[in-house]
Amino acid sequence: MTEISSTDTRWLSGAELAAWIPFSGVLIGVLSALDTQLRDEKLSLFGYLVLAGLSEAPERTMAMSELATLAGGSLSRLSHAVSALERHDWVTRHPAPNNRRITLATLTDAGYAKVVASAPGHVETVRRLVIDPLTKQQIGQLGRISENILTELNRAQ
């Protein structure tokens with residue numbers, strides 16, 4: 001087995017570490033808070049993002065591959081989440097009429113009612129933890145920074 005020397009690792013500088021440590025705390029803290037808030041709604045954050053994405057789609061329907069990208073998960077993770085949502089009759093799956101190799105997910109009326117009922121608490125938590133502590137300029141910066149990181153995450157997949 002080859003040992004990797006420390007010169008092969010691009011260690012974080014002091015300034016980079018000073019940014020990374022609080023950012024990693026934000027990642028864990030915000031995800032945990034949102035999952036906790038949505039638990040009362042019998043939803044995970046990922047499940048909520050699936051329902052919300054479908055609620056905005058034309059005819060509340062989207063190809064599973066597009067929905068996975070929108071929700072920020074793999075097709076496998078999405079498939080498991082949609083199975084759970086189907087058990088609640090919030091989502092249905094069916095082949096696309098013009099290409100049966102493509103699976104579509106459709107938000108049911110009950111699913112739409114669920115996302116509408118869940119949205120106020122979710123938005124309040126997002127606003128309290130992420131939006132309200134920032135200035136308008138910082139919100140714009142956060143959006144641009146997030147887009148840069150998402151681009152790299154998508155490239156890595």
Side-chain angles (χ1 to χ4, degrees), residues 10 12 16 19-134 136 138-157:
R10 288 182 50 219
L12 299 179
E16 291 167 338
W20 169 246
I21 290 174
F23 178 69
S24 62
V26 166
L27 290 173
I28 293 166
V30 169
L31 292 176
S32 177
L34 291 172
D35 264 333
T36 298
Q37 180 270 317
L38 288 165
R39 190 176 308 129
D40 293 338
E41 299 289 338
K42 308 279 190 270
L43 282 169
S44 66
L45 176 58
F46 190 73
Y48 176 83
L49 293 173
V50 169
L51 294 180
L54 288 171
S55 75
E56 298 292 326
E59 298 179 34
R60 298 190 295 205
T61 299
M62 190 177 293
M64 290 282 285
S65 57
E66 292 175 46
L67 188 54
T69 301
L70 178 71
S74 66
L75 272 173
S76 175
R77 182 177 185 193
L78 178 64
S79 183
H80 288 289
V82 168
S83 291
L85 297 171
E86 283 177 313
R87 286 192 290 277
H88 290 285
D89 295 321
W90 295 335
V91 174
T92 60
R93 275 187 272 203
H94 49 93
N98 57 347
N99 185 344
R100 301 190 64 76
R101 293 178 299 172
I102 296 173
T103 301
L104 300 176
T106 298
L107 187 66
T108 65
D109 289 342
Y112 184 75
K114 183 63 175 176
V115 75
V116 167
S118 302
H122 176 73
V123 170
E124 172 54 35
T125 303
V126 169
R127 180 167 290 290
R128 179 174 48 84
L129 295 176
V130 180
I131 303 302
D132 290 347
L134 302 177
K136 288 186 188 305
Q138 289 171 324
I139 291 168
Q141 292 169 338
L142 178 63
R144 289 186 297 281
I145 291 165
S146 298
E147 287 172 5
N148 288 347
I149 294 170
L150 281 172
T151 297
E152 188 57 34
L153 284 170
N154 290 334
R155 188 176 317 156
Q157 291 177 356

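Contact between S44 and L38 at its shortest, heavy atoms only, is O-CD1, 3.9 Å. Contact between L51 and G111 at its shortest, heavy atoms only, is CD1-O, 4.5 Å. Scanning both residues, L43 and G47, for their nearest heavy atoms gives CD2-C, 4.3 Å.
A distance of 9.0 Å separates OG1 of T92 from CG of L54, quoted to the nearest 0.5 Å. Interatomic distance, W90 CH2 to L85 CG, rounded to the nearest 0.5 Å: 7.0 Å. Distance check, rounded to the nearest 0.5 Å: OG of S118 to NZ of K42 gives 11.0 Å. Atom OG1 of residue T103 and atom CG of residue L67 lie 11.5 Å apart, to the nearest 0.5 angstrom. For the atom pair OG1 (T106) and CZ (R93), the distance works out to 11.5 Å, reported to the nearest 0.5 Å. Between the OG atom in S65 and the CG atom in L70 there is a gap of 11.5 Å [rounded to 0.5 Å].
A tilted orientation is assigned to the rings of W20 and F23, their planes being inclined by 30° to 60°.
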* Would you sort out whether V115 and E41 count as a side chain to side chain contact (heavy atoms under 4.5 Å, CB included), showing the intermediate values? => CA-CA 9 Å; V115 75; E41 299 289 338; over 6 Å; no

* To do: Verify salt bridge (charged side-chain N to carboxylate O under 4.0 Å, His left out) between E152 and R155, making sure each step is shown before the conclusion.
  => CA-CA 5 Å; E152 188 57 34; R155 188 176 317 156; 3.1 Å; yes

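For the pair S55 (side chain) and A52 (backbone), a donor-acceptor distance under 3.5 Å is present. Judged by distance alone, the side chain of T61 and the main-chain N or O of A57 form no donor-acceptor pair under 3.5 Å. Side chain of T108 to main chain of D89: a donor-acceptor pair is present (N/O by atom type, distance under 3.5 Å, no hydrogens or angles). S32 places no side-chain N or O within donor-acceptor distance of the main-chain N or O of G29, the cut-off being under 3.5 Å. The backbone N or O of L142 sits less than 3.5 Å from a side-chain atom of S146, completing a donor-acceptor pair.
Side-chain contact between L34 and H122 is present, with heavy atoms from C-beta onward closer than 4.5 Å. Considering only heavy atoms from C-beta on, I139 comes within 4.5 Å of I131 through its side chain. For the pair H80/S83, no side-chain contact is recorded, criterion being any heavy-atom separation below 4.5 Å from C-beta on. At a threshold of 4.5 Å between non-hydrogen side-chain atoms, the residues F46 and D35 do not count as touching. A 4.5 Å side-chain heavy-atom check between P133 and Q138 finds every atom pair outside the cut-off.
Applying the side-chain contact (heavy atoms from CB on, under 4.5 Å) test to L129 and every residue at least two apart in sequence or in another chain returns A33, T125. Under the rule for a side-chain contact (heavy atoms from CB on, under 4.5 Å), the partners of R39 that lie at least two apart in sequence or sit in another chain are T36.
Other residues, nucleotides and ligands place no more than 12 heavy atoms under 6.0 Å from the CZ atom of R127. Remark: E56 CD is loosely packed, at most 12 non-hydrogen atoms of other residues, nucleotides or ligands lying under 6.0 Å away.
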